[in-house]
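The figures here come from the full heavy-atom set of this structure, side chains too, leaving out hydrogens, waters and symmetry mates. In what follows, chains carry the letters A, B, and so on, assigned in the order in which the sequence lines appear, proteins first and then strands, with residues in each chain numbered from 1. Computed from a prediction, not measured in an experiment: that's the story for all the values here.
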Amino acid sequence: MTPDELLRAELTRAALAIGAPDSVAPALERPRDPAHGDWASNVALTLAKPLGKKPREIAELLVAKLDLAAAGVSATEIAGPGFINFRLGAGAHARGLADILTLGSAYGRTTAGQGAPVNVEFVSANPTGPLHVGHGRQAALGDAISALLEGAGYAVTREFYYNDAGVQIENLAKSLWVRVAQRGGVAVAIPEGGYNGEYIKEIAERFVAEHGMPDAATLAAGAASIVAQERPVDAALFDAMRRFAVAALRAEQDLDLKAFGVKFDVYYLESSLYTDGRVEETVGMLQRGGHTFELDDALWLRTTDFGDDKDRVMRKRDGTYTYFVPDVAYHVTKWQRGFRRAINVQGADHHGTTARVRAGLQALEIGVPVGYPDYVLHQMVTVMRGGEEVKISKRAGSYVTVRDLIDEVGRDAVRYFFLMRKGDSQLVFDVDLARSQSEENPVYYIQMAHARLSGIFRVGEIDPATVTADGVAWDALSEEAERELVKSLLDYPRLVAGAAESLEPHRVAAWLLETSRQVHLWYHKHHVLGEPEHILRARLALAKAARQTLANGLLLLGISAPERM
RNA sequence: GCGCGAGUAGCUCAGCUGGAUAGAGCGUCGGCCUCCGGAGCCGAAGGUCGUGGGUUCGAAUCCCGCCUCGCGCACCA
């Protein structure tokens, strides 16, 4: 039992003894102000109504009933409207460090998820261009959420879904055709809806290098078709270009993700939903279920029956399906693959799709719960460079890529910057600031704390493996800075559990920064090496525990924990 | 117009799911290097938590109205 669990149990016992309802569940929290003790409880305030007494009076009754020694409490005080503040004995907290030393990299991990499979889908960028900053935020968020869930005992599958057919890919192929034609001397411009980025020119160059330059007449005829909003006449050549462009951009994105240190377990292709018949099957099921209707030569789904604000077209007048049909079919596969929990990390610009995907799944009546899947939506990222906002437009080809950011400020800093804020907040990524700040960057501050702690062992020529909790005089950790640091370290499991439950990695980022502050403060004020034996041993144990916990937190965010900088 | 999100220090943002005197980084001002790394530490100034009501012992946090900003509202994806 940890000190707070012990205290909570004792508090519950005392509350029942003075006549509290059986449902009483005393809450313990860390007072904002350390002067208010190590733990505080508002239980007397919540009991005021059921017991019909004044909060302070109840607090006094409770304290009288408490077995302080059993709870490891050295002092109590009743404060304010009726808070009970508890101060733990000097060693009571520090003894908790033994857990950290024993558990090591497992400290903060739990088995709460009991190995249940969870699917986390993120990035899911279509192969029509390099990954941009928005994808970067999503990659950092999705990967950290996955790590948090793994740490909470879930079996996580990181999944990337992409559209490799459809209109956008058609436009991509047309754009490539135009660039190849331009190289072949045909005067033609990128069509409406096409992609203007420089990278298409590079792909055109490579296409010609590998496949040879197609003859001018074919290119010119195809270009004319494209201008006329048709597919080029030479379907075989066009398909070759489409496949080439998709493969080239997928390869580029993989390099981006590799540079960012993100790995996916599954890449799911939209086209496979058509080839294996799942799209047709889904449509059939919806029709049989009676939730569809025909109007204006199109097939509609009555999504308004399931909470959407308007009905949606499934099959267009031209006979093709809207994107949302394969999207529903795709989520059916998640359910069928055994994921009772699925989390989609997406930009807030996709939030319009959440209601209709959920509605589609409900209309199938296959037992999918109402709120399936979960969505974690992050707000937009705006990029500032040279004091001006960089307008992000794939078609215009002007935007900042993930690779640009990593090259400029480093992977660790990019990850931290994307994770230090709650996804609900819009994010201004000032590239110049991120670069110029690099020496006083929060991520370096945190890594420095880890490096300094490592330095103690390096300089002292002490193998950290030899530092254990055995026989450590915990009372020796009596300095204020030590007590505060210990408290932060012991809060870590609770913090991580909360972050995992709420799918909010930024809580870990904030904890790392605050704890690093305490490490620097402690390091600056108190020496380890050269102190008397009992102090040396206690402080080495603290240094090792702090270093371990910082490393565990950094790992969750995908940030390295360097031994030296 | 409707939906989602945001509005907290000069700037960028936290605020542990309702607690005590609202915090951090950057920026500004002022201090600290015989010391395990100064890539650090200490201090100061800086707030009507957008706004008006409500709920209760207690509200930045929950509910309602209003204002401002972002995103979305296709037989595009």
#### Entry: Contact pattern, 5' to 3', of nucleotides 55-61 of chain B - B, S or - by protein heavy atom under 4.0 Å
-SB----
### Message
Work out how far the C1' atom of B/rC49 is from that of B/rA22, and round it to whole angstrom.
### Response
8 Å
### Summary
With syn defined as a glycosidic angle within 90 degrees of 0 and anti as anything else, the base of B/rC64 is anti
### Message
Run the side-chain hydrogen bond (donor to acceptor under 3.5 Å, both in side chains) test against A/Glu480 and tell me which residues pass, sequence neighbours left out.
### Response
none
### Query
Counting just side-chain N and O atoms, does A/His351 come under 4.0 Å of either OP1 or OP2 of B/rC73?
no
If you look only at distance, which donor and acceptor atoms sit under 3.5 Å apart when one is on a side chain in residues 448-461 of chain A and the other is two or more places apart or in another chain?
residue: A/His450; atom: ND1; partner: A/Pro562; partner atom: O; Å: 2.8
residue: A/Arg452; atom: NH1; partner: A/His520; partner atom: ND1; Å: 3.1
residue: A/Ser454; atom: OG; partner: A/His450; partner atom: O; Å: 2.9
residue: A/Ser454; atom: OG; partner: A/Arg547; partner atom: NE; Å: 2.8
residue: A/Arg458; atom: NH1; partner: A/Glu563; partner atom: O; Å: 3.3

### Message
Test of understanding: with side-chain hydrogen bond (donor to acceptor under 3.5 Å, both in side chains), list the residues that count as partners of A/Ser488, not counting sequence neighbours.
### Response
A/Gln518
For nucleotides 10-12 of chain B, print each protein N/O atom paired with a nucleotide N/O atom at under 3.5 Å, atom names and distance only.
residue: B/rU12; atom: O2'; partner: A/Arg421; partner atom: NH1; Å: 2.7
residue: B/rU12; atom: O2'; partner: A/Arg421; partner atom: NH2; Å: 2.4

### C1' atoms of B/rU28 and B/rC4, separation to the nearest Å
38 Å
### Query
For atom C1', what is the distance between B/rG70 and B/rC26, given to the nearest Å?
24 Å
### Query
Given Watson-Crick or G-U pairs with both distances under 3.5 Å, what dot-bracket string fits RNA chain B, with | for other-strand pairs and [ ] for crossing?
(((((((..((((.....[...)))).(((((.......))))).....(((((..]....))))))))))))....
#### Entry: Nucleic acid contacts of residues 311-321 of chain A, taken as heavy-atom distances under 4.0 Å to RNA chain B
A/Val313, A/Lys316, A/Arg317
### Message
Taking syn as a glycosidic torsion within 90° of 0 and anything else as anti, which one is B/rU17?
### Response
syn
### Task
For A/Tyr162, check side-chain hydrogen bond (donor to acceptor under 3.5 Å, both in side chains) against everything at least two apart and list the hits.
none
### Query
Excluding sequence neighbours, so at least two apart, what forms side chain to side chain contact (heavy atoms under 4.5 Å, CB included) with A/Asp374?
A/Arg341, A/Ile343
### Message
Taking side chain to side chain donor-acceptor pair (under 3.5 Å) as the cut-off, I'd like each qualifying pair that reaches into residues 412-427 of chain A, sequence neighbours left out, listed once.
### Response
A/Asp143-A/Arg415, A/Asp412-A/Gln447, A/Asp412-A/Ser560
### Message
Going by the rule side chain to side chain contact (heavy atoms under 4.5 Å, CB included), which residues pair with A/Ala538 if we only count those two or more places apart in sequence or in a different chain?
### Response
A/Val472, A/Ala476, A/Leu477
### Task
Among residues two or more places apart or on two chains, list those pairs meeting side chain to side chain donor-acceptor pair (under 3.5 Å) that have a residue in residues 291-300 of chain A.
A/His291-A/Glu365
### Message
Is the base of B/rA20 stacked against the aromatic ring of A/His36, taking ring centres under 5.5 Å apart and planes under 30° as the test?
### Response
yes
